[in-house]
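The next block holds one structure in the form of structure tokens; read it before the comments.
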Number of protein chains: 2
Amino acid sequence: MTKPAAQSKSERIASLLEAEIRSGQLQDGSALSSENCLVSRFAVSRTTVRKSLGILAEKGLIRTKMGIGSFVTYAGNVIDSGPGWSLALSSAGIRMETRILRIARLGMDLEVPVPLAGEMLAVDRLRFRTETGRGMSLERARVPWRAEFAALLEDGLDGGSLNRTLAARGLVPASGEEWANVLPSLGAEDAALLGLPEATPMLRLRRLTRDTAGQPVEFVESLLDPELFGLHMRF
Amino acid sequence: MTKPAAQSKSERIASLLEAEIRSGQLQDGSALSSENCLVSRFAVSRTTVRKSLGILAEKGLIRTKMGIGSFVTYAGNVIDSGPGWSLALSSAGIRMETRILRIARLGMDLEVPVPLAGEMLAVDRLRFRTETGRGMSLERARVPWRAEFAALLEDGLDGGSLNRTLAARGLVPASGEEWANVLPSLGAEDAALLGLPEATPMLRLRRLTRDTAGQPVEFVESLLDPELFGLHMRF
DNA sequence: TAGCCAAACCTGTATGCTCCTGTCTAGTCT
DNA sequence: AGACTAGACAGGAGCATACAGGTTTGGCTA
């Protein structure tokens, strides 16, 4: 996790800011100082500061909005923080790992609240606690199939990240929809995968993102252990 | 050095107003406050308020008439909402009634994700289906006690609406936070109130609103039948 | 009492300013 | 050549202010 000394100034500043974020000094949703403030604080040029912020943004730690500023989107126990809600762990300090269950090409197999069919690139992921090995969440992502995806079936995702893989192919979400509800009872197969009792109620989160043309980019269904996850939003 | 802001002000105000519309606090056809009133309520410039109203107008939630004002043009089957999250009934056309269980003065009795204590005005409400009498949701609202609330304990709420009661006393929300999670099992008392099996998993929604000074205005905990309710948001 | 008008609201529109991010260019240092 | 600096310029967000035009209302007048 923590790196040895970074060589370049921009990397050093990035890891310094990252430390502040991860330590909780800068909480989720709070604003970073403006680029000009950081310029004077670190006594470097704005170019360097921007490079640092770029590094943090790519890691998903911050999000920057034109004309407003940069904002923390990670607070130690916040797993995923998009526009609107953020998915938060109920208790902090949980270490976890992610396992990719499969990358495959198949027809649409999930129930979606809006019309979405055809061939899909399917990526199923399991998130589990490092200590106990107990499953925390099950995520099934579906992306409308493209010929260029063929290589992924063997080579895997770019850097293990589906988002980066999609972004590298020009698939960037511009808008989207999201549904959250309670799945009263976990099915047998999923229960086995997660290592949870079969009848456990789960928090189900479904998100459909679209590109600027309104075409579907990605559909993700997440089944989340309700004891560990909650949704949070500020307004 | 600079002011913290989670997202752009205009978007934040728009989602707050959207929440009030979708929750039914502002019913179809009713007028919004004038732009100048909103300016002072949210402590922003009129430009920002107008941008927010523009967002709502584009969504078709309001329509504004020159020289008169803005009016709600939305009458959905959505019965409660968060900002962005709209809490939608799974099936439309359900007729329901609301019963006020109690209006009382008591110490803080609910678990809140943020510090909030002291004497409270408590309003507990039950929403149930007209046909079957089966409970749909249980809402517990808590407002920091004020001397002027004393009369409410006997006279009830202004027009049966807590929000109207609060607004009449200058308590208007300017920002807030919301949490959603799964309550794995309904307690015995609440189950009896709702007429549901004791072990039913419920969708729990908690919202804390604050005024412009950041002081808590209202905390509401809603327990919702997961078969009837889900969260939905667009971004 | 009927009619009219002005004041007081309201929305629509425009301008100038500040501070922010996005982008580009040219030069310096190692 | 790569990392960094120092500018300049655009465009977005927001604030403050002013002014034009629509709507309502109440008071004044005939």
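Please read these numbers as outputs of a predicted model, since none were measured by experiment. Each chain gets a letter, A, B and so on, in the order the sequences are listed, and its residues count up from 1.
Rounded to whole Å, the distance from CD on Glu35(A) to P on dC20(C) is 10 Å. Regarding Arg63(B), its CZ atom lies at a distance of 17 Å from the C1' atom of dG12(C), rounded to whole Å. Atom CD1 in Ile13(A) sits about 14 Å away from atom P in dA3(D), given to the nearest Å. In this entry the distance linking CD1 of Ile55(A) with P of dA3(D) reads 11 Å, nearest Å. Atom CZ in Arg50(A) sits about 15 Å away from atom P in dT5(D), given to the nearest Å. The separation between Asn36(A) atom CG and dG7(D) atom C1' is 12 Å, rounded to whole Å.
When all heavy atoms of Arg140(A) and Leu138(A) are compared, the closest pair comes out as NH2-CD2, 3.6 Å. Closest approach of Leu224(A) to Ser137(A), counting heavy atoms only: CD2-CB, 3.5 Å. When all heavy atoms are compared, the tightest approach of Leu157(A) to Val123(A) is CD1-CG1, 4.3 Å.
Seen from the ring of Phe149(B), Arg105(B) does not count as a face-on cation partner, given the 6.0 Å and 45° thresholds.
One finds the NZ atom of Lys51(B) at 12.0 Å from the NZ atom of Lys9(B) (value rounded to the nearest 0.5 Å). Rounded to the nearest 0.5 angstrom, Arg50(B) CZ and Ser70(B) OG are separated by 8.5 Å.
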### Task
For each nucleotide in nucleotides 10-16 of chain D, reading 5' to 3', give B when a protein heavy atom comes within less than 4.0 Å of its base, S when such contact involves only the sugar-phosphate, and - otherwise.
-BBSSBB

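Put simply, Ser34(A) has no side-chain N or O that comes within less than 4.0 Å of OP1 or OP2 on dC19(C).
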